[in-house]
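Report on the following structure.
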Amino acid sequence: MSFIISERLVNMINKKVESIVAKALEGQILNKEEIAFLFEVDHESEDSLHIQAASRELSAKTSNNLAEIHCHVGINLGPCAHNCKWCSFAAVNKVFPKAASLSTEEVIEKCLKFEAEGVNAIYLVTTGMYSIKRLIQTVKEVRSHLKPDTVLIANADDFNVEEARQLKEAGLNGAYHAIRFREGIESSIPVEKRLATIQAIHQTGLVLGTCVEPIGPEHSTEELVNATVTAREVGAVFSGLMKRIAIPNTEIGNRGMVEEKRLSHLLAVIRLSTQHEMIGMCWHEPSIAGPMAGANLMWAETGSSPRDTHHDCEHTRGKSVAEIRKMYEDAGWKVLEGASRIWNSSKA
Ligand code: SF4
């Protein structure tokens, strides 16, 4: 008898998963309860495979099966007083005791190398201690060496409207910015400050990219749902996820990392919970599991990285453009040639 009841229950769950997935594929926006239900599906079940297949199908449809390779150029390192506890630059983690920075010439050289390799967008990535004034200057210098249609993005400290305006004038196209998990609790940056920067991005005509990050094994369904909804509603051109990389011997590093098989499920739920107009779904750090589940945006990396304890991630965790291209091809994606459609999608 108990077997019959549990079999019925399984059938009911399947039907509910099917109906929520069908709703998402039709282009209807899922509510928080539906998103929570999908997040709670066992990531090793057939239901999860159904969710992941639907995500892959939806991503292929919304992006015309075109994946993008962007790149991260980490400019500086050293102790950062903002103390986001998951980050290798957080002063409390004591990984990088001394500040250091690439020269402008080195930054330009790295950007030109990526441009020649055919990346669809270049990100200048700085710690919270790299001043926006200096970033404006760096953007100006880099932009003057790039092709006019090369997409140039910043991933930097918070900034105000005037600074956003100057970044745009210097030649920046957009900025990556996110409300991270437990912002203001496990970082010292208030959520309001992150939102004010996002507002400044929109006000000055810069384009915004964001995602659900940095995901760790302890994050609850409620936290995942809230982050997914925030990412879809802040007016960004892409969402997706970033896995938290454990920095050894740190408070948060000791909590471990999410397994890729669970991450694939989470990515798929984020894709299905996000409006179809958002044609980019990111997956960081790169692996084939992401594109298999519907991710079409991954980053090649060089220089400093908040997920690394080496000063140049190109020699450690970072993946090359060729490696990412191969991952996409193995997962059945075509790689876009030319300037990012994702970052340009706000003009569509
Ligand atoms: S994530 Fe950025 S702001 Fe936070 S500690 Fe790291 S470098 Fe500083």
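Just so you know, ligand 1 is whichever comes first in the structure, and atom 1 is the first atom listed for that ligand.
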Angle class for the Tyr176/Phe238 ring planes (parallel below 30°, perpendicular above 60°, tilted otherwise)?
parallel
Under 2.8 Å from atom 8 (Fe) of ligand 1, protein N/O/S atom count?
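That number is 1, waters not included.
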Any pair with a residue in residues 119-147 that passes salt bridge (Lys or Arg N to Asp or Glu O under 4.0 Å), sequence neighbours left out, goes on the list, sorted by first then second residue, please.
none
Given that the side chain starts at C-beta and the backbone is N, CA, C, O, which of these parts of Arg180 lies under 4.0 Å from ligand 1, counting heavy atoms, or is it both or neither?
side chain
Any carboxylate oxygen within less than 4.0 angstrom of a Lys/Arg side-chain nitrogen, looking at Arg325 and Glu329?
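Here Arg325 does not pair with Glu329 in a salt bridge, since their nearest N and O are not under 4.0 Å apart.
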Using links of under 4.5 Å between side-chain heavy atoms of ILVMFWY residues, direct or through other members, which residues join Met292 in one cluster?
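Besides Met292, the cluster holds Ile288.
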Could you list the donor-acceptor pairs under 3.5 angstrom formed between side-chain atoms of residues 64-71 and any protein atom two or more places apart in sequence or on another chain?
residue	atom	partner	partner atom	Å
Asn65	OD1	Arg56	NH1	3.3
Asn65	ND2	Gly332	O	3.1
Glu68	OE1	His70	NE2	2.8
Glu68	OE1	Ser340	OG	2.6
Glu68	OE2	Arg341	N	2.9
Glu68	OE2	Ile342	N	3.0
His70	ND1	Tyr123	OH	2.8

Can the positive tip of Lys334 be found less than 6.0 Å from the middle of the six-membered ring of Tyr328, inside 45° of the ring normal?
no
